[in-house]
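Please read all numbers here as calculations on a predicted model, not as lab measurements. Values below: all heavy atoms of this structure, side chains included; hydrogens, waters and symmetry mates excluded. Labels below follow one simple rule: chain letters A, B, ... track the order of the sequence lines, proteins then strands, and each chain is numbered from 1.
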Protein chains: 2
Amino acid sequence: MNGNGRSGGRPTLEEVAVRAGVGRGTVSRVINGSSKVSEQTKAAVEAAVTELGYVPNRAARALAANRNDAIALVIPEPEARFFAEPYFSEVVRGVGAALAETDTQLVLTLAGSDRERRRLAQYLSGHRVDGVLLVSVHAGDPLPELLAELGIPTVISGRRSAAETLPCVDSDNLAGAAEAVRHLLDRGRRTIATITGPLDVYGAHCRLDGYRQALAAAGRPVDERLVAVADFTEEGGRRAMRELLERSPSLDAVFASSDVMAAGARRELRAAGRTIPHDVALVGFDDSVVARHMDPPLTSVRQPIEEMGRTMARMLLERVSGRRGSTGAEGGPAVVLPNRLVVRESS
Amino acid sequence: MNGNGRSGGRPTLEEVAVRAGVGRGTVSRVINGSSKVSEQTKAAVEAAVTELGYVPNRAARALAANRNDAIALVIPEPEARFFAEPYFSEVVRGVGAALAETDTQLVLTLAGSDRERRRLAQYLSGHRVDGVLLVSVHAGDPLPELLAELGIPTVISGRRSAAETLPCVDSDNLAGAAEAVRHLLDRGRRTIATITGPLDVYGAHCRLDGYRQALAAAGRPVDERLVAVADFTEEGGRRAMRELLERSPSLDAVFASSDVMAAGARRELRAAGRTIPHDVALVGFDDSVVARHMDPPLTSVRQPIEEMGRTMARMLLERVSGRRGSTGAEGGPAVVLPNRLVVRESS
DNA sequence: GACTACTGTGGGAGCGCTCCCACACTGTGT
DNA sequence: ACACAGTGTGGGAGCGCTCCCACAGTAGTC
């Protein structure tokens with residue numbers, strides 16, 4: 001009937017100890033894979049554990065050991081809407097995969113509205129997680145600093161600037177963009193325009209740099225009239241495309257810094273009577289659902305999002321256990337993963 | 001330097017009590033909004049709490065009260081890939097919104113591979129969460145039963161059959177499909193075909209029923225040659241469309257039970273030289289990104305996914321606290337939320 | 001034979017809460 | 001005057017662990 005009845009309840013470590021004919025301490029040592037337990041007693045304890053179906057009580061462990069065996073994944077809500085598409089679930093999958101081996105929980109927290117952010121800050125101050133994974137942090141976000149003050153290990157995805165101080169995992173935006181542009185050059189395109197994201201976003205900036213470097217490497221001059229700045233939205237992509245067509249009607253290729261902007265560009269190109277890829281080749285970035293279902297299917301730069309998630313989680317776990325081992329070693333390494341161009345019919 | 005130094009550490013309830021000049025019990029009562037505390041002492045305690053920046057220790061609370069203040073959202077991985085698109089993030093957003101008010105954590109668990117499912121079962125047996133949210137459960141899934149045995153409150157999304165026994169939240173698939181078909185009839189379409197999902201999936205079955213009922217209500221006979229069964233994939237949709245065109249070349253409208261299948265159908269229609277919507281009107285289901293970015297943009301039935309998430313979470317919280325209040329009231333209510341047709345250029 | 005030097009092991013203390021019993025105090029009725 | 005319920009309140013006990021000190025046992029050394 002009730003959940004914690006006398007003898008029917010879940011077994012405790014103490015009961016395991018009695019069953020195995022050893023002390024509590026010994027059982028604890030076995031459970032935690034600690035050293036210095038004779039093979040014999042270890043076997044006895046393990047037998048008792050399986051017989052009783054013992055599962056450690058997480059709360060008790062957390063209380064006694066002053067840790068949580070949980071990390072938080074913080075999702076900035078408003079953004080999520082944009083780049084949510086496969087991104088979100090892929091990150092989660094990667095993180096989940098990395099965590100599957102450990103017995104660390106993944107706690108999901110949304111931080112969209114200001115109210116939610118305040119709650120989050122308060123939540124984190126309660127030290128209810130051992131570490132935090134931050135996805136797509138803005139340059140001015142106070143969260144990383146707060147976490148540093150609280151001494152909570154943090155890993156972010158995507159550098160906020162070239163001089164990122166926090167441990168982070170990023171994809172090689174520059175190389176990805178460069179590859180896209182090189183691909184267009186290889187296809188014989190001569191006048192390649194680009195639609196960028198907001199340039200205060202570091203990733204967007206890198207993609208533009210990649211565009212420039214690829215052209216430069218091919219000995220082509222970079223015509224600034226072929227660069228249009230947008231905001232990662234479809235409407236923005238559309239507007240940018242309109243501008244580009246006006247400024248350089250002779251363009252024959254466009255590299256958009258996101259699939260969604262590419263979708264906007266495609267609409268505008270169609271409206272202007274240009275066919276894809278015949279008149280204008282189009283390449284996007286993200287390799288999202290949008291890319292796969294566009295007409296024609298969009299060539300796009302694929303980020304290894306799942307792997308980024310996995311890497312982030314692993315880095316964080318390392319820092320968590322590192323700190324537990326009293327090392328204060330700061331100075332975050334930045335892991336940069338390669339991107340891959342997925343060629344489809346649009347180019 | 002270290003995280004749990006002597007006097008710099010986070011304040012405990014006891015310290016709050018001392019500061020406020022009251023006993024521990026009283027502070028606990030105030031914190032938990034419990035009854036029977038005089039306004040005066042309550043104010044004093046609250047002052048002490050803010051002065052000290054007190055945040056209750058979740059682990060201690062969980063241990064003492066034998067609850068977790070956490071619920072799990074179980075995501076069946078393989079599926080996630082398909083219907084992940086906005087679905088996943090929207091559910092999470094809804095659940096998160098509902099949880100924001102309480103101080104319940106959202107723990108995310110993936111259950112893709114068999115190994116992961118075993119780990120999950122083991123995890124859940126540890127009673128580490130107060131309740132579980134199950135997304136898209138298959139008819140034969142043993143998880144619900146396991147949870148019932150463990151006495152862990154559960155809410156699922158989507159009924160597994162007409163006689164769903166578990167508390168669940170679903171969208172009105174039948175009515176949504178019927179509305180889509182009615183819309184096509186209103187547009188003057190005469191020969192409306194449908195592409196269904198696998199019929200052992202209850203939701204797919206309902207959508208087909210909606211199709212039939214709408215036709216019947218309009219006094220149209222249901223021609224079984226206009227029904228093609230597919231599997232929710234794009235390729236399946238394509239194949240089904242091919243069949244339909246062969247069997248009934250004169251069709252002038254198609255209702256597909258998912259946007260992805262509609263995308264497949266669209267490809268096949270194009271290949272067959274039919275224009276959309278001029279020759280054939282097309283309607284999908286889900287109102288996913290695919291629908292918005294299709295060419296032409298796809299009319300689709302929108303499920304209130306975020307609200308479903310919110311509702312699920314609320315139901316679960318209710319059951320969790322209900323059970324805590326020792327009521328064993330079983331017999332799950334099924335909440336069915338209305339769908340809405342989003343009309344775009346494809347019809 | 002007494003010394004140190006390990007290796008395993010048992011179990012006390014304590015983590016920060018909640019639960020609940022006991023104890024003031026107030027009133028009200030006899 | 002006495003008993004009685006009712007309201008606030010204090011604080012003991014205990015949740016199930018981990019940490020760590022103490023101690024028994026064995027082995028090697030002077």
Can I get a per-line list of side-chain donor-acceptor pairs under 3.5 Å for residues 145-154 of chain A, giving both atom names and the distance, sequence neighbours left out?
{"from": "A:Thr154", "atom 1": "OG1", "to": "A:Ile152", "atom 2": "O", "distance (Å)": "2.9"}

Interatomic distance, A:Lys36 NZ vs C:dT7 P [rounded to whole Å]: 5 Å
Quick note, side chain to side chain donor-acceptor pair (under 3.5 Å) partners involving residues 97-107 of chain A, not counting sequence neighbours, are A:Glu101-B:Arg115, A:Thr102-A:Thr104, A:Gln105-B:Tyr123
Name the atoms and distances for all side-chain donor-acceptor pairs under 3.5 Å in residues 309-317 of chain B, with sequence neighbours left out.
{"from": "B:Thr311", "atom 1": "OG1", "to": "B:Glu307", "atom 2": "O", "distance (Å)": "2.7"}

What's the CG-C1' distance between B:Asn68 and C:dT18, to the nearest Å? 14 Å
Do B:Arg24 and D:dG12 share a donor-acceptor pair, side chain to base, under 3.5 Å? yes
d(A:Leu110 CG, B:Leu106 CG) to nearest 0.5 Å is 7.5 Å
Can a donor-acceptor pair be found, under 3.5 Å and without considering hydrogens, that links the side chain of B:Asp130 to the backbone of B:Ile71? no
Protein and nucleotides 21-27 of chain D: nitrogen or oxygen contacts under 3.5 angstrom:
none

Consider the side chain of A:Val22, meaning its heavy atoms from C-beta on, and name the nucleotide among D:dT9, C:dG10, C:dG8 that approaches it most closely. C:dG10
Which residues share a side chain to side chain contact (heavy atoms under 4.5 Å, CB included) with A:Pro11, sequence neighbours left out: A:Glu15, A:Leu52, A:Tyr54
Please report the distance, rounded to the nearest Å, between CG in B:Leu63 and C1' in C:dC19. 13 Å
May I have the distance from B:Asn66 (atom CG) to C:dG16 (atom P), rounded to whole angstrom? 20 Å
DNA chain D: 5'-proximal contact among B:Thr26 and A:Gly25 (nearest heavy atom): B:Thr26
What nucleotide, of D:dC15, C:dT9, D:dG16, holds the atom closest to the side chain of B:Ala64? D:dC15
Walk me through it: do A:Asp170 and A:Arg159 pass the test salt bridge (Lys or Arg N to Asp or Glu O under 4.0 Å)? CA-CA 6 Å; A:Asp170 205 347; A:Arg159 287 162 290 186; 3.1 Å; yes
Is the shortest side-chain N/O distance from A:Thr41 to OP1 or OP2 of C:dT9 below 4.0 Å? yes
Which of D:dC17, C:dG10, C:dC17 is nearest the side chain of B:Thr12? It is C:dC17
Looking at residues at least two apart in the chain, or sitting in another chain, which of them share a side chain to side chain contact (heavy atoms under 4.5 Å, CB included) with A:Ala64? none
Please name all residues satisfying salt bridge (Lys or Arg N to Asp or Glu O under 4.0 Å) with A:Glu51, sequence neighbours left out, ordered by chain then number. A:Arg19
Please report the distance, rounded to the nearest Å, between CG in A:Asn32 and P in D:dC19. 7 Å
Using the side chain to side chain contact (heavy atoms under 4.5 Å, CB included) criterion, which residues pair with A:Val55? Sequence neighbours excluded. B:Arg128
Residues within residues 53-61 of chain A bordering DNA chain D, heavy-atom distance below 4.0 Å: A:Tyr54, A:Pro56, A:Asn57, A:Ala60, A:Arg61
Considering only distance and modelled atom types, tabulate donor-acceptor pairs under 3.5 Å from the side chains of residues 24-31 of chain B, sequence neighbours left out.
{"from": "B:Ser28", "atom 1": "OG", "to": "B:Asn32", "atom 2": "ND2", "distance (Å)": "3.4"}

Figure out the CD1/C1' separation between A:Ile31 and D:dT18, and round it to whole Å. 12 Å
Using five pairs at each end of the helix from C:dT4-D:dA27 to C:dT30-D:dA1 to define an axis, what is the angle between those two axes, to 10°? 60°
Interatomic distance where CZ belongs to B:Arg67 and P belongs to C:dC17 [whole Å]: 13 Å
Between P on C:dG16 and NE2 on A:His127, what's the gap in Å once rounded to a whole number? 13 Å
Partner set under side chain to side chain contact (heavy atoms under 4.5 Å, CB included) for B:Ala100, not counting sequence neighbours: none
Return no unless some side-chain N or O of A:Ser38 is found under 4.0 Å from OP1 or OP2 of C:dG8. no
